[in-house]
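Residue indices begin at 1 and follow the sequence shown.
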Amino acid sequence: MQSISYIIQGGIPIHGRISCMGAKNLATKAMVAALLSSDQTVLRGMPNIGDVEITKELLMSAGVKVDWRQDINIMHIDATKITEHEASLPDTKTNRVPILLLSILLHRLGKAIVPTVGGDHIGQRNVDYHVEAIRKFGAEVNKKGNKYIAESKGRLKAAHIELPYPSVGATETCLFLSVLAEGTSIINNIALEPEIIELITMLRSMGAIIFLSGNRELIVQGVEKLSGTNFFLAGDRIEAASWASLACASNGEIEVSGIRPDLLGNFLPHFNKIGGGFKFLKDDSIVFFRKENLKSTEIETDVYPGFSTDWQQPFATILTQANGISVIHETVHEKRFGYLDILNKLGAKTETVSSCLGSVKCRYRGQDHLHSALIHGPTKLKSISSPLITPDLRAGLAYLIAAVLAEGETRLDVAEQIERGYGNLLEKLKNTNIKLKRIEN
């Protein structure tokens, strides 16, 4: 994979317009869902990002035909014939889609071999929930070396499952298993993120019979086959919150289009609370800015409808400019604060502790993970001479915002990590005044 670097000249408020892509956390899962049908599916609003390209190659390795019109953000997926039960992944360790393919290939071919999953290095993100669910639906699955191998004898059977934690990925696996399984499945303690609800809508449009009841419960009546669909992806709520954070942190003003306000949920009240402001221009366009001097706050990440774990990194960069001591309690991933070390090198004052600094029930209590952070502000950020190495997608966006705040020139290396979820930033930010240069190494 080609290495990308960004050079940012910081120290100015950012103004302009940015258009959100279709949601990254929905796009790749919708591509996989399309394989549940032997018809053709059209996905509209597909984001031009690295993870979609990786998933495309993964699907094509199994014999799926994928026609991606990047100029108009439309993808045609022809899963009429899936010829290979073994899917291979390009040279990357940052994509977690392969584990979801196990369910699809079991339905289509009765056996499946996929590479072990990757993903950003932000914690264990164990796949045991996926494996156990597959077994409860009647298939055998084992790990051999760097591959998962699964096999079923005939059609999968419905199951009743209680997820130990409302994991997004495990919920997706259970959806994919249950829609074509024989009988009625009940899945409890599911994730309710907007991307999950959108995925359920897509599966319903394909003919799936899925009921969503109270208390995080899914009731799925399996059908014998699903049809193709024509589906439009919702805008990316993580991306929208990222640009809102950039506007507020830099004391600028950015119009973000392509996002429904309801998808931003608990981001907006926290944004209001610290001194951020926003105005709705139309159904899918919001202007973000700083309305007053920034104030410190307390944030706890949580599963939806809580404050998203993917919102906290860009939000933390705002808090480096807020008056007082802010607290962030990370309850979703145990190793999500590594990026703060780099912010400190740029002049921020942060520290991490293993205590649970909040009231949300936390599965990391007493486990010595540094999963709470204190951010002292406001601090003046300044560039440093050495490049910043981007460790993962969301930390990379925090580095970008920090580089915009820092006086002087900052270089971000391994920026392809950022492009996995945001695309080519030179193109993405062309209608703003950001001073950014993109280098292909």
Side-chain angles (χ1 to χ4, degrees), residues 1-2 21-109 111-119 147-148 169 172-173 175-176 179-180 195 198-199 201-203 205-208 225-236 393 416 419-424 427:
M1 179 179 290
Q2 190 175 49
M21 310 171 296
K24 165 191 174 291
N25 290 338
L26 172 61
T28 54
K29 317 305 175 58
M31 292 171 68
V32 174
L35 274 57
L36 288 166
S37 165
S38 58
D39 298 332
Q40 295 190 34
T41 287
V42 179
L43 300 176
R44 303 181 184 274
M46 288 295 289
N48 188 4
I49 57 175
D51 271 13
V52 168
E53 180 63 39
I54 293 168
T55 305
K56 172 190 170 185
E57 294 185 37
L58 180 68
L59 268 54
M60 291 177 67
S61 73
V64 179
K65 295 180 180 179
V66 182
D67 179 18
W68 185 15
R69 290 287 307 277
Q70 293 169 289
D71 56 330
I72 55 175
N73 302 317
I74 293 179
M75 179 177 287
H76 293 258
I77 298 177
D78 184 353
T80 304
K81 295 181 180 179
I82 296 180
T83 57
E84 299 292 335
H85 67 271
E86 180 171 359
S88 60
L89 197 64
D91 185 20
T92 178
K93 298 179 180 179
T94 56
N95 187 290
R96 291 176 57 82
V97 170
I99 194 70
L100 299 178
L101 267 185
L102 280 176
S103 306
I104 308 297
L105 294 175
L106 283 171
H107 283 310
R108 295 293 300 270
L109 300 176
K111 55 184 177 179
I113 301 176
V114 302
T116 54
V117 296
K147 296 180 180 180
Y148 289 100
E172 291 161 346
T173 282
L175 273 170
F176 294 157
V179 290
L180 289 175
E195 295 80 13
E198 292 288 323
L199 185 62
T201 299
M202 176 184 172
L203 291 169
S205 75
M206 298 170 69
K225 66 177 183 178
L226 295 175
S227 61
T229 189
N230 191 321
F231 189 70
F232 187 84
L233 274 63
D236 195 313
L393 170 57
E416 60 271 19
E419 296 194 353
R420 283 177 44 221
Y422 295 88
N424 181 335
E427 176 67 21

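Here the shortest heavy-atom pairing between Ala23 and Gly235 reads CB-O, 3.8 Å. Contact between Gly22 and Leu233 at its shortest, heavy atoms only, is CA-CB, 4.3 Å. In plain terms, the two heavy atoms of Met21 and Pro47 that are nearest each other are CB-CB, 3.5 Å. For Asn424 against Glu419, the heavy-atom pair with the smallest separation is CA-OE2, 3.7 Å. Between Ala33 and Leu203 the shortest heavy-atom distance is CB-CD2, 4.1 Å. Closest non-hydrogen pair, Gly228 versus Asp39, comes out as N-OD2, 3.3 Å.
Within the 3.5 Å criterion, the main-chain N or O of Leu226 finds a donor-acceptor partner in the side chain of Ser37. Ser61 places a side-chain N or O within 3.5 Å of a backbone atom of Leu58 that can act as its donor or acceptor partner. In this structure a side-chain-to-backbone donor-acceptor pair under 3.5 Å is missing from Arg108 to Leu36. Formation of a donor-acceptor pair under 3.5 Å by the His107 side chain with backbone atoms of Phe176 is found in this model.
Between Ile74 atom CD1 and Trp68 atom CH2 the span is 13.0 Å, to the nearest 0.5 Å. In this structure, Glu84 CD and Ile113 CD1 are separated by 10.0 Å, a value rounded to the nearest 0.5 Å. Rounding to the nearest 0.5 Å places CG of Leu26 at 8.0 Å from CE of Met202. From Thr173, atom OG1 reaches atom CD1 of Ile99 across 6.5 Å, with rounding to the nearest 0.5 Å. Distance check: Asn230 CG to Met206 CE gives 12.0 Å after rounding to the nearest 0.5 Å. Note: Leu175 CG to Leu100 CG = 10.5 Å, rounded to the nearest 0.5 Å.
Residues in residues 22-37 take part in these salt bridge (charged side-chain N to carboxylate O under 4.0 Å, His left out) pairs, two or more places apart or across chains: Lys24-Asp51, Lys29-Glu172. Within the structure, the salt bridge (charged side-chain N to carboxylate O under 4.0 Å, His left out) test picks out the following pairs touching residues 70-81 (sequence neighbours left out): Arg69-Asp71.
Residues passing the salt bridge (Lys or Arg N to Asp or Glu O under 4.0 Å) test with Arg44, sequence neighbours excluded: none. Annotation: side-chain hydrogen bond (donor to acceptor under 3.5 Å, both in side chains) contacts of Thr41 (sequence neighbours excluded): none. Checked against salt bridge (Lys or Arg N to Asp or Glu O under 4.0 Å), Glu86 has the following partners two or more places apart in sequence or in another chain: Lys147. Partners of Gln70 under the side-chain hydrogen bond (donor to acceptor under 3.5 Å, both in side chains) rule, at least two apart in sequence or in another chain, are Asn48.
Residues Met75 and Val66 have side chains in contact (heavy-atom distance under 4.5 Å, counting atoms from C-beta outward). Contact annotation: the side chain of Tyr422 approaches that of Leu393 to within less than 4.5 Å [non-hydrogen atoms, C-beta and beyond].
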ask   = Do Val42 and Phe231 pass the side chain to side chain contact (heavy atoms under 4.5 Å, CB included) test, and can you show the C-alpha distance, the side-chain angles, and the key distance before you say yes or no?
value = CA-CA 6 Å; Val42 179; Phe231 189 70; over 6 Å; no
message = Gln40 vs Ile77, test: side chain to side chain contact (heavy atoms under 4.5 Å, CB included). Steps then yes/no.
response = CA-CA 6 Å; Gln40 295 190 34; Ile77 298 177; over 6 Å; no
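Of the listed residues (Val114, Ile54, Thr55), just one forms a side-chain contact (heavy atoms from CB on, under 4.5 Å) with Val97, and that residue is Thr55.
Residues Ser205 and Thr229 bring a donor and an acceptor atom of their side chains to less than 3.5 Å of each other.
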